[in-house]
Amino acid sequence: QVQLVESGGGSVQAGGSLRLSCVASGRSFSTYTMGWFRQAPGQERDFVAAITSSGGNTYYADSVKGRFTISRDNAKNTVYLQMNSLKPEDTAVYYCAGDRRGSYYLVQAYVYWGQGTQVTVSS
């Protein structure tokens, strides 16, 4: 099966920045729509951003639009999430997902998931 490994999480103060990375192995990364989702304790896993296989189209949740940027480097089998102007409400475990089988913003549309990386934003 495809393996996805996230990294780059950490703890920052509000207004700070982090860049998350997700490295894929197994199947052909370049054919996948890739997404980032996040889940805070006791809450649902929610859509953050997605990018099409060639990187030509990106999509963002309203809550992160203008602050986060998703990108990918297919030669490195890696997708990134640049997070700027972080807010305490961005605190969550962030998950990388791939191989879309439906709408890009739905958890159910993705087949492969990483283990997550913690992002903590303090006020």
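Basis for what follows: all heavy atoms, side chains included, without hydrogens, waters or symmetry-related copies.
For Val12, the side-chain contact (heavy atoms from CB on, under 4.5 Å) test picks out Leu18, Leu86, Val121, with sequence neighbours left out. With sequence neighbours excluded, no residue forms a side chain to side chain donor-acceptor pair (under 3.5 Å) with Thr58. When the side-chain contact (heavy atoms from CB on, under 4.5 Å) test is applied to Thr69, the partners found at least two apart in sequence or on another chain are Tyr60, Gln82.
For Gln115, the CD atom is loosely surrounded, since the number of other residues' heavy atoms within 6.0 Å does not exceed 12.
Checking side-chain atoms of Asn74 against main-chain N and O of Phe29 turns up no donor-acceptor pair under 3.5 Å. Between the side chain of Thr52 and the backbone N or O of Asn57 there is at least one donor-acceptor pair closer than 3.5 Å. Checked by atom type and distance alone, the side chain of Thr117 pairs as donor or acceptor with a backbone atom of Gly9 at under 3.5 Å.
The disulfide (SG to SG under 2.5 Å) pairs that include a residue from residues 28-89 number zero, where partners must be two or more places apart or lie in different chains. Residue pairs that meet the salt bridge (charged side-chain N to carboxylate O under 4.0 Å, His left out) test with at least one member in residues 38-58, sequence neighbours left out, are Arg38-Asp90. Here salt bridge (charged side-chain N to carboxylate O under 4.0 Å, His left out) pairs that include residues 4-22, with residues two or more places apart or in two chains, number zero. Each salt bridge (charged side-chain N to carboxylate O under 4.0 Å, His left out) pair with one or both residues in residues 73-89, not counting sequence neighbours, would appear here, but there are none. Applying the disulfide (SG to SG under 2.5 Å) test to every pair with at least one member in residues 41-86, sequence neighbours left out, gives no pairs at all. Here disulfide (SG to SG under 2.5 Å) pairs that include residues 76-123, with residues two or more places apart or in two chains, are Cys22-Cys96.
Linking ILVMFWY residues whenever their side-chain heavy atoms come closer than 4.5 Å, directly or via other members, leaves Val119 and Val5 in distinct clusters.
To the nearest 0.5 Å, atom CZ of residue Arg67 and atom OG of residue Ser85 are 7.0 Å apart. How far OG1 of Thr33 is from CG of Asp99: 9.0 Å, rounded to the nearest 0.5 Å. In this structure, the separation between OG on Ser25 and OH on Tyr112 is 11.5 Å, given to the nearest 0.5 Å.
Put simply, the side chain of Val79 reaches to within 4.5 Å of the side chain of Ile51, judged on heavy atoms. When side chains are defined from C-beta on, Pro88 counts as touching Ser123, because their heavy atoms get closer than 4.5 Å. Contact check for Tyr32 versus Ser53: no side-chain heavy atoms found under the 4.5 Å cut-off. Looking only at side-chain heavy atoms (C-beta outward), Met34 and Arg72 come within less than 4.5 Å of each other. A 4.5 Å side-chain heavy-atom check between Ile70 and Trp36 finds at least one atom pair inside the cut-off.
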**Request:** Check step by step if side chain to side chain contact (heavy atoms under 4.5 Å, CB included) holds for Tyr94 and Leu81.
**Result:** CA-CA 10 Å; Tyr94 283 70; Leu81 185 68; 4.1 Å; yes
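Taking a 4.5 Å side-chain heavy-atom cut-off between Ile, Leu, Val, Met, Phe, Trp and Tyr, the cluster of Val93 extends to Phe37, Phe47, Tyr59, Tyr95, Tyr104, Tyr105, Leu106, Val107, Tyr110, Trp113.
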